[in-house]
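This report refers to the structure that appears directly beneath it.
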Number of protein chains: 2
Amino acid sequence: MDKISRSPAMTDVARLAGVSHQTVSRVLNDHPNVKEQTRIRVRAAIAELGYRPNRAARALVTGRSQLIGVVARNSTLYGPATMLSEFEQAAADAGFAVSVGSVRELDRSSMGAVVERHLDQRVAGLVVIANTASAVEALAEIPEDLPVVFIDGDPASGRPGVTVDQVAGARAATRHLLDSGHETVWHVSGPTDWFDSAGRIQGWRQTLEEAGREVPPLLSADWSAAEGYRTGQMLARMPEVTAIFTANDHLALGILRALSERGRRVPHDVALVGFDDVPEAAYFIPPLTTVRQAFGDVARAALGLLLGQMGDEAGTARQIVVPPQLVIRESAPSPAR
Amino acid sequence: MDKISRSPAMTDVARLAGVSHQTVSRVLNDHPNVKEQTRIRVRAAIAELGYRPNRAARALVTGRSQLIGVVARNSTLYGPATMLSEFEQAAADAGFAVSVGSVRELDRSSMGAVVERHLDQRVAGLVVIANTASAVEALAEIPEDLPVVFIDGDPASGRPGVTVDQVAGARAATRHLLDSGHETVWHVSGPTDWFDSAGRIQGWRQTLEEAGREVPPLLSADWSAAEGYRTGQMLARMPEVTAIFTANDHLALGILRALSERGRRVPHDVALVGFDDVPEAAYFIPPLTTVRQAFGDVARAALGLLLGQMGDEAGTARQIVVPPQLVIRESAPSPAR
DNA sequence: AAACCTGATGTTATCGATAACATTTCGGCA
DNA sequence: TGCCGAAATGTTATCGATAACATCAGGTTT
């Protein structure tokens with residue numbers, strides 16, 4: 001690398017400012033015990049040379065980069081996209097870059113490979129969106145001293161993590177439909193190996209049982225409108241089905257279409273509650289009653305927990321549970337309307 | 001850092017295998033001129049020690065990390081989320097990690113800050129999703145020797161980039177509606193300072209003018225279902241409006257709701273074409289005719305272009321234009337149905 | 001047999017930053 | 001004025017990898 005075209009390093013700044021390279025480092029890292037006059041001189045030299053720190057050099061010495069690794073399943077859904085976006089913003093505000101590693105399947109091998117890549121980069125911490133038990137298994141290889149936070153992991157685990165209270169969300173949705181006068185509530189779930197799905201199923205089932213209502217057979221699906229349409233075509237054929245709670249808003253959209261095709265009016269004939277509150281939910285026909293997950297809050301809480309681990313190991317091995325919120329719109333209006 | 005807990009380095013592998021550290025490097029980087037027997041010995045030592053390469057060390061020496069920086073506006077929309085996801089997958093397959101930097105606004109200051117962060121990391125290349133002219137301005141500070149690819153940039157610029165042919169997509173949508181017997185076509189655009197919006201407006205306007213049809217006033221919006229609903233409330237009040245082309249599917253969803261509220265049947269009274277083909281579009285009521293953008297293709301083409309710049313500077317200063325595809329569904333059926 | 005070339009491997013230097021330890025300077029107190 | 005302690009700054013070492021250059025061994029050709 002030719003001397004003329006080499007980027008200026010700290011030693012160049014030091015020479016120009018007439019100090020040691022260590023003092024330049026002290027100025028850049030806001031060390032105490034540096035005279036203000038010295039700081040000014042160093043900063044002027046930095047500006048004059050257009051010096052840019054090399055994070056790789058710092059990472060090499062400290063053993064930790066200024067990167068946070070995210071491990072997530074490849075998804076274009078609103079929830080994951082929102083969390084990633086909010087997380088990146090919050091991390092940037094805290095001085096970290098975010099490196100994303102995604103997997104096509106939540107299996108041990110795929111996730112293990114992503115974790116390896118992050119470890120090679122000597123990430124300062126990891127955030128793992130671990131929706132299933134098999135995803136969690138993959139993480140056995142993470143060094144014990146590396147800060148890790150789980151999002152949407154197993155609520156019953158002892159690991160540091162942030163989850164939305166899926167059971168409470170499902171209870172609110174189901175309770176709302178029962179309070180509106182429905183005999184029982186049908187549920188279309190997401191993939192049943194996902195912790196989120198399990199929590200929603202549990203909340204739905206508990207609420208029905210506690211109310212002494214019949215628990216209808218579960219319709220299991222994935223997260224797509226296509227699967228909502230498929231299950232909706234079955235539900236629309238059953239006259240006794242007057243209330244449906246779906247595991248997400250896209251499932252609800254598919255069901256809306258199936259009901260429409262069979263002349264089942266919403267909410268007149270069938271009331272419908274979704275889950276997530278994607279921005280479009282308010283513009284479905286009719287606007288969707290749904291359970292809002294505060295994805296942004298989840299992301300920011302996860303970062304807080306991770307930074308806590310990085311700074312002070314005590315008291316951060318905990319789970320933060322973010323409350324969901326029932327948002328009532330026309331697809332399942334309030335009782336006594 | 002205590003000698004007992006220090007991760008094994010190349011020198012440790014070398015000692016165990018009885019070779020120099022340089023030979024270990026050669027084995028790991030698939031250099032020619034290493035005996036197979038030596039390779040086997042080194043690999044066994046690597047496995048025994050659980051050696052993990054330190055990417056920071058490599059980045060320091062080479063001046064380039066194995067990271068690709070992405071600069072994008074903070075968005076949870078399907079298009080950007082898909083492109084990011086596909087890009088990350090393709091980059092990982094090529095041996096790169098992806099560091100995401102997002103901005104709340106497409107302005108010079110925000111984008112400049114994100115670029116700075118990437119440059120500090122000594123990224124190997126940049127991918128910039130630069131939807132507006134002001135976003136492009138922010139990138140004047142990028143060193144000339146750093147590989148850069150633009151996505152959704154200015155189609156008229158000479159910079160390496162990948163875009164979808166917005167004009168062609170809009171032409172296809174508008175032509176489809178005219179061919180279905182509509183006198184003219186109304187257009188609800190996205191933000192007009194976006195290149196994508198401008199291309200769609202241009203394609204719509206051109207097609208109408210060439211057909212000798214009246215060009216109705218433009219309704220300008222953002223990308224949300226809420227704005228679709230707002231403009232839809234106006235359009236639903238005009239009996240002469242029989243055909244609408246929207247800048248994206250979410251706008252179309254909002255319009256569907258507004259039309260429904262005023263008893264305007266789709267497609268009987270008003271035909272509707274969206275843009276994007278989000279997965280849910282097929283499950284709107286009715287299923288949406290739309291223009292599909294092959295977001296995955298865009299992402300993979302962008303990576304190809306970037307890798308080309310990294311490997312061989314010649315012949316890669318070009319624009320790849322990905323064709324869109326009209327997807328006909330019930331909201332605007334084919335003519336002669 | 002000697003010289004040359006190529007394959008295989010090793011030694012030395014370097015990247016740019018922080019850690020660790022050392023030295024100097026300054027201010028306050030006796 | 002001298003001593004001590006703290007502030008301020010400097011020197012040396014290190015991180016773990018690749019680049020650059022050097023050396024050795026074996027085979028082929030003259």
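Remember, predicted model here, so these are calculated numbers, not experimental data. Labels below follow one simple rule: chain letters A, B, ... track the order of the sequence lines, proteins then strands, and each chain is numbered from 1.
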Options [options], nucleotide nearest the side-chain atoms of [X]:
{"X": "A:V61", "options": "D:dT18, C:dG16, D:dG16", "answer": "C:dG16"}
{"X": "B:N54", "options": "D:dG16, C:dG10, C:dA20", "answer": "D:dG16"}
{"X": "A:K35", "options": "C:dT18, D:dG16, D:dT9", "answer": "D:dT9"}
{"X": "B:S20", "options": "D:dT18, C:dA20, C:dG10", "answer": "C:dG10"}
{"X": "B:N29", "options": "D:dT18, C:dA17, D:dT9", "answer": "D:dT18"}
{"X": "B:Q22", "options": "D:dA19, C:dT9, D:dC15", "answer": "D:dA19"}

It should be established whether [X] places a side-chain nitrogen or oxygen under 4.0 Å from OP1 or OP2 of nucleotide [N].
{"X": "B:R26", "N": "D:dT18", "result": "no"}
{"X": "B:S25", "N": "D:dT18", "result": "yes"}
{"X": "B:T38", "N": "C:dT9", "result": "yes"}
{"X": "A:N33", "N": "D:dA8", "result": "yes"}
{"X": "B:T23", "N": "C:dG10", "result": "yes"}

With respect to B:V27, which candidate in B:R39, B:Q22, B:M10, B:R41 satisfies the side-chain contact (heavy atoms from CB on, under 4.5 Å) definition? B:R39

Mind checking B:P32 for me? I need base, sugar-phosphate or nothing, with any heavy atom below 4.0 Å counting as a touch. nothing

What is the distance, to the nearest angstrom, from the [atom1] atom on [X] to the [atom2] atom on [N]?
{"X": "A:E36", "N": "D:dA7", "atom1": "CD", "atom2": "P", "value": "17 Å"}
{"X": "A:R64", "N": "C:dA17", "atom1": "CZ", "atom2": "C1'", "value": "17 Å"}
{"X": "A:R58", "N": "C:dC15", "atom1": "CZ", "atom2": "P", "value": "21 Å"}
{"X": "B:R6", "N": "C:dA19", "atom1": "CZ", "atom2": "P", "value": "17 Å"}
{"X": "A:L60", "N": "C:dA17", "atom1": "CG", "atom2": "C1'", "value": "8 Å"}
{"X": "A:D120", "N": "D:dA17", "atom1": "CG", "atom2": "C1'", "value": "13 Å"}
{"X": "A:M10", "N": "D:dA13", "atom1": "CE", "atom2": "P", "value": "20 Å"}
{"X": "B:Q66", "N": "D:dA17", "atom1": "CD", "atom2": "C1'", "value": "11 Å"}

Between A:D120 and A:R117 (salt bridge meaning N to carboxylate O under 4.0 Å), is one present in this structure?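 Salt bridge absent between A:D120 and A:R117.
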
Please confirm whether the backbone N or O of [Y] pairs with a side-chain atom of [X], one donor and one acceptor, at under 3.5 Å?
{"X": "B:S102", "Y": "B:S75", "value": "no"}
{"X": "B:Q66", "Y": "B:A97", "value": "no"}
{"X": "A:S65", "Y": "A:R122", "value": "yes"}

Where do A:T23 and A:T38 come nearest, in terms of heavy atoms and distance? CG2-CG2, 3.8 Å

Any N or O donor-acceptor pair linking the side chain of [X] to the base of [N] at under 3.5 Å?
{"X": "B:R122", "N": "C:dG16", "value": "no"}
{"X": "A:H21", "N": "C:dT18", "value": "yes"}
{"X": "B:H31", "N": "D:dT18", "value": "no"}

B:V34 or A:A56, whichever maps to the more 5' nucleotide of DNA chain C: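 Counting from the 5' end, the first nearest nucleotide belongs to B:V34.
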
